[in-house]
Undergrad: 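Encoded as structure tokens, here's the structure I'll be asking about.
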Amino acid sequence: MTPDADVVARSKTIAPVRATTPPPESERPTTLMRLAHVGKDYAKIETRAGRMRLVFDLLRGRAAAHAYRALDDVSFTLERGESLGIIGENGAGKSTLLKIIAGVVKATRGDVDVRGRVGALLELGAGFHPEYSGLANIDLAAALLGLSQREIASKRDEIIAFADLGDHIRDPIKQYSSGMVVRLGFAVATALSPEILITDEVLAVGDESFQKRCVAWMERFLDGGGTLLLCSHSMYHIQKLCAHALWLKDGRVAQYGPAEDVTRAYLAYHEEKSATAKAGMPLAEAKASGAYAIEALDASADQVSQGDDVSLRGRAYSPDGRAPVVVVGIVRADGTPVFGIASDMDDVAVRRIGDHAFEFSITFPALPLAPGKYWLRAHAADPEGMRVFDHVERDLVVRGRTRELGVVHLAHRWHDGVDR
Amino acid sequence: MMQGAASAWTTRDRASVLRARDRALFAHFLRRELTSRYLGSVTGLAWALLSPLALLGVYDFVFTNVFRATGFAGSSFLAFVAVALWPWIAAQEALMRGTLSLPGYAGMIRKVAFPHELVVLASVLATLALQFAGYVAVLVVLKLMGQPIHLSGFALAIPIWLIVALGISGIALALAAVQVFVRDVEHVLAPLLMILMYVTPILYPVSLVPESVRSIVAANPLGWVVERLRDALLDGRLALVWSDAIAVVTALLLFAAGHWVFRRLSPHFEDFV
């Protein structure tokens, strides 16, 4: 809830009810936000003496001796009526960016130009005082916006109704759950008719019905020409509400463009990341930690046509010489498991080829998979089939031309059909 | 609120609007400090007034009945100490509260852009205002009990309190800012204030101090506060003296220095508060 002074200024001189009176079209700037090469360094302090040194450094007008770059070289513009989603992993600098835009922190580098009245809901709260009641915090928020007591009185009922906290509105904020705080925060930030609404993970905390109301509010807000800056881990919400998206990675812009493209790239990045994370521990490590492991895995082909046979052959390692259970599965590239089977389910024992080495092979005849990209996976499990250890996977592309829907081709028969 | 933001509107408009907002915000903080800290609870208000009263009673008992101290230039020990002790306690409490005021607003500092000094100033002023009310009440009661108090002395006592408020605000601003980074400030402050109280002629007149160290004790700027309050309220002397000008300049300098320190450090509060 940071009002831009310009707008307050204009409304003070022109219209007493600034919240509801839009300024003349000619006066409204079209670019509401322009960030150029913005960066933010935070001091890195580990010791008490370091804090003392930092104080002296700051007093002398010097930068902190040890700093880490929370944000670097971020540039974008936001036009009136546009909606921008900010995405990125935890610690990527999203919150820092929003704080800079809201004016809570000053950028270390670059230019920040924000016009228009900003309503900001940063890190799940609108800057409430924990000891005050919900009502007192509404007044505090109003004072922060420069509203008089009389002006806030007209908005108070609206805020209370939207927050929908019942009698809790009279309790100190510190007794609220995080969902309740967000409800009040959203109600306050939105009731004051901002031109730019900045929200940081609001939708993640509220319950289902509140989420729906938030999304509905934001859609109405956008339809009415509002400008939205939304930070969320939900790609669904980003795609639904935002035209553009900005992907922050380690404090830098990884991608900036249409929300569809950026969110898809972001999801792909995550899939790849979790795939490498699960790629299994190196054999040496597995042997050292006494785990069962897949030592080798070969597929008969990495490209097949729908209906071809596919075979997998591999070698498993057993730390105690007992025959491991091998689990083989097929997963679609989007992570959907298609089929999985364990050797013990079929009462098959893997073949011993050494003290600790076992061999297995399996064939999927006439593979009915729909065309697309898949992974063939093999896991090693203990002989009881209880604990699954690492897995190894191979890519498999199924080629084919079909207009059938879904993941597999199922045998089927139409009855009483008439040829067209 | 974006400091660096260029704007379609003039800077003059922006500045005046910000000032209006800051005034409203300051009034809000002040009201909050008074109601939530003191007036909100019966015990809070009682404690604010009773603790200096109790201390006054204890000192009076110890010094007049146990030590049987004399030499208070004709006035009773009770009046002698009441005039000086209460402002000291007020200043001490204002300084402590001001220094520790920022963490209570941590949530706001991290999420909303506003001038952080308003929090410290509101805390100091609320404390001093309340203590001043207590001071007036106690002196009036002492006067009614027949103690030699010149109520006309308030003509000088009020400006003195204002000068103290200015100086204390400056010190509190600097300490509050440093406290955000280095949490030891409060632990250093309490014993330091204790020592300061005993080297300031609050419980004793300067005339009782041995000649050899008297000039050192007299140079204590807090000594000026105490001496001038006694001049006004015990002796009824309202004439201005040269040291008054020095006190005003000192208070202004303290405030300017404290504000400078605060301004340097406050952009970094968000990360440490």
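These numbers come from a predicted model, not from an experiment. Computation of the quantities below employed the complete heavy-atom set of this structure, encompassing side-chain atoms and omitting hydrogens, waters and symmetry-equivalent molecules.
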Undergrad: Measuring heavy-atom distances to chain B, does Arg60(A) have an atom under 4.5 Å in its side chain, in its backbone, in both, or in neither?
TA: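 Just its backbone gets close to chain B.
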Undergrad: Name the option with the most non-hydrogen atom pairs under 4.5 Å to chain A; the candidates are Val178(B), Val180(B), Val182(B).
TA: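 Option with the top pair count is Val182(B).
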Undergrad: Checking Asp139(A) against chain B: side chain, backbone, both or neither under 4.5 Å from a heavy atom?
TA: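 Answer is both: backbone and side chain atoms of Asp139(A) are under 4.5 Å from chain B.
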Undergrad: Using the six-membered ring of Phe272(B), assess whether NZ or CZ of Arg51(A) lies under 6.0 Å from its centre and within 45 degrees of the ring axis.
TA: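 Pair Arg51(A)/Phe272(B) does not count as cation-pi.
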Undergrad: Can you tell which of Phe29(B), Phe269(B), Tyr105(B) has the highest number of heavy-atom pairs within less than 4.5 Å of chain A?
TA: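 Sorted descending by pairs with chain A, the first entry is Tyr105(B).
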Undergrad: If you count heavy-atom pairs within less than 4.5 Å of chain B, which of Val55(A), Leu54(A), Leu140(A), Leu98(A) leads?
TA: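 Top option by heavy-atom pairs under 4.5 Å: Leu140(A).
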Undergrad: Could you grab the distance from atom NE2 of His116(B) to atom OG of Ser266(B), nearest 0.5 Å is fine?
TA: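 Taking NE2 in His116(B) and OG in Ser266(B), the distance rounds to 6.0 Å.
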Undergrad: Please state whether the side chain, the backbone, both or neither of Ala43(A) comes within less than 4.5 Å of a heavy atom of chain B.
TA: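 Both parts, backbone and side chain.
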Undergrad: Which heavy-atom pair separates Leu59(A) from Trp260(B) by the least distance, and what is that distance?
TA: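 Smallest interatomic distance, heavy atoms only, reads O-CH2, 3.2 Å.
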Undergrad: Answer yes or no on whether Lys40(A) is positioned over the face of Tyr42(A), meaning its NZ or CZ is under 6.0 Å from the six-membered ring centre and within 45° of the axis.
TA: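 The answer is yes, since Lys40(A) meets both limits relative to Tyr42(A).
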Undergrad: Which region of Phe26(B), side chain (C-beta onward) or backbone (N, CA, C, O), has a non-hydrogen atom less than 4.5 Å from a non-hydrogen atom of chain A, or is it both or neither?
TA: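 For Phe26(B), neither part sits under 4.5 Å from chain A.
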Undergrad: Taking it one step at a time, do Phe132(B) and Trp86(B) satisfy ring-ring contact (aromatic ring centres under 6.0 Å, His included)?
TA: CA-CA 9 Å; Phe132(B) 183 72; Trp86(B) 203 290; over 10 Å; no
Undergrad: Measuring from atom NZ of Lys111(B) to atom CG of Asp200(A), what distance do you get when rounded to the nearest 0.5 angstrom?
TA: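 Rounded to the nearest 0.5 Å, the NZ-CG separation comes to 9.5 Å.
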